[in-house]
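Structure, as structure tokens:
Numbers for residues simply follow the sequence, beginning at 1.
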Amino acid sequence: FPGLADVSISQDIPVEGEITVPVGSHSPDEDYSTLDEPVKDTIMRDLKAVGKKFVHVMYPRKSSALLRDWDLWGPLVLCVSLALMLQGGSADSKDDGGPQFAEVFVLIWFGAVVITLNSKLLGGTISFFQSLCVLGYCVMPLTVAMLVCRLVLLAGAGTVSFVIRLLVVGAMFGWSTLASTAFLADSQPPNRKALVVYPIFLFYFVISWMILTFTPQ
């Protein structure tokens, strides 16, 4: 190249150095990986994380971790539990009620996916799986309502029983709706929050109606 012939390196400048990478002392904790931990510790850590998210649903204002550390284990357990408790309700005596489990399971997950897609299309900043996590964990109050309704129905189906179930389901429906909107509303544009809250309201209303109209065989 032109001009490189005039470039020279002075012999007075020493060229020193070592091509080595300094190796510091690493503590065992820095080299520790979850792949090396016992299975028991992994299961206990996951169970504690799921339990903390249940607590966050109980107190929605203290629940930033529900969005940050999302998972689908809790929603799966709640969905299966609710579907099992609803199985066989108001079904024909010749049927075993099996298809109802699939109906409830698909309804919950399909509804959660539709609400999540609606939120993303409206410009929401929350991720897809974060939204599924929130909607799934917020089914917990309705699962508790279903358990209470099953216990109340054991004492008989009458006017008093219906009033108790109506109050319980109504309170848990409001709890689920408020808890989920507390997580999802802030991730939406201010002028589109109503468009996000309305499908959430319908989602939990349908589940609440299924619980309220449940009658054992």
- Anything under 30° is parallel, anything over 60° is perpendicular, the rest tilted; go ahead and classify Trp109 against Phe105. tilted

Interatomic distance, [X] atom [atom1] to [Y] atom [atom2] [nearest 0.5 angstrom]:
{"X": "Cys133", "Y": "Leu72", "atom1": "SG", "atom2": "CG", "value": "6.5 Å"}
{"X": "Leu82", "Y": "Met140", "atom1": "CG", "atom2": "CE", "value": "13.0 Å"}
{"X": "Ile108", "Y": "Leu142", "atom1": "CD1", "atom2": "CG", "value": "9.0 Å"}
{"X": "Met172", "Y": "Thr177", "atom1": "CE", "atom2": "OG1", "value": "12.5 Å"}
{"X": "Leu132", "Y": "Thr116", "atom1": "CG", "atom2": "OG1", "value": "4.0 Å"}

N/O donor-acceptor pair under 3.5 Å between [X] side chain and [Y] backbone:
{"X": "Arg150", "Y": "Met85", "value": "yes"}
{"X": "Thr181", "Y": "Leu178", "value": "yes"}
{"X": "Ser176", "Y": "Cys138", "value": "yes"}
{"X": "Asn118", "Y": "Val113", "value": "no"}
{"X": "Thr143", "Y": "Val139", "value": "yes"}

Please determine whether residues [X] and [Y] belong to a single hydrophobic cluster, defined as Ile, Leu, Val, Met, Phe, Trp and Tyr linked transitively by side-chain heavy-atom distances below 4.5 Å.
{"X": "Val106", "Y": "Leu84", "value": "no"}
{"X": "Val152", "Y": "Leu167", "value": "no"}
{"X": "Phe201", "Y": "Met210", "value": "yes"}
{"X": "Val144", "Y": "Phe205", "value": "yes"}

>> Go through it in stages, so that I can follow the logic: the residues are Leu153 and Arg165, the test is side chain to side chain contact (heavy atoms under 4.5 Å, CB included), and I'd like the CA-CA distance, side-chain angles, deciding distance and then a yes or no.
In response: CA-CA 9 Å; Leu153 287 172; Arg165 290 186 288 122; 3.7 Å; yes

Handout entry: Minimum side-chain heavy-atom gap Cys149-Phe214 below 4.5 Å
Key = no

| Trp175 and Tyr204, any side-chain heavy atoms less than 4.5 Å apart | no

Q.
Aromatic contact between Phe110 and Phe203, with the criterion being ring centroids under 6.0 Å apart: yes or no?
A. no

Is it the case that more than 12 heavy atoms not belonging to Phe128 sit under 6.0 Å from its CZ atom? yes

Exercise. Evaluate the side chain to side chain contact (heavy atoms under 4.5 Å, CB included) criterion for residues Leu154 and Leu151: first the C-alpha distance (whole Å), next the side-chain angles of each, then the deciding distance (0.1 Å), finally the verdict.
Key: CA-CA 5 Å; Leu154 292 177; Leu151 296 176; 4.2 Å; yes

Exercise for review: Determine, step by step, whether Trp73 and Val77 satisfy the side chain to side chain contact (heavy atoms under 4.5 Å, CB included) criterion, reporting the C-alpha distance in whole Å, the side-chain angles of both residues, the deciding distance to 0.1 Å, and the verdict.
Suggested key: CA-CA 6 Å; Trp73 288 112; Val77 172; 5.5 Å; no

Nearest heavy-atom contact between Ala112 and Leu135 is O-CD1, 3.6 Å

Given Leu212 and Phe162, is the side chain to side chain contact (heavy atoms under 4.5 Å, CB included) satisfied, shown in steps? CA-CA 8 Å; Leu212 184 62; Phe162 176 77; 4.2 Å; yes

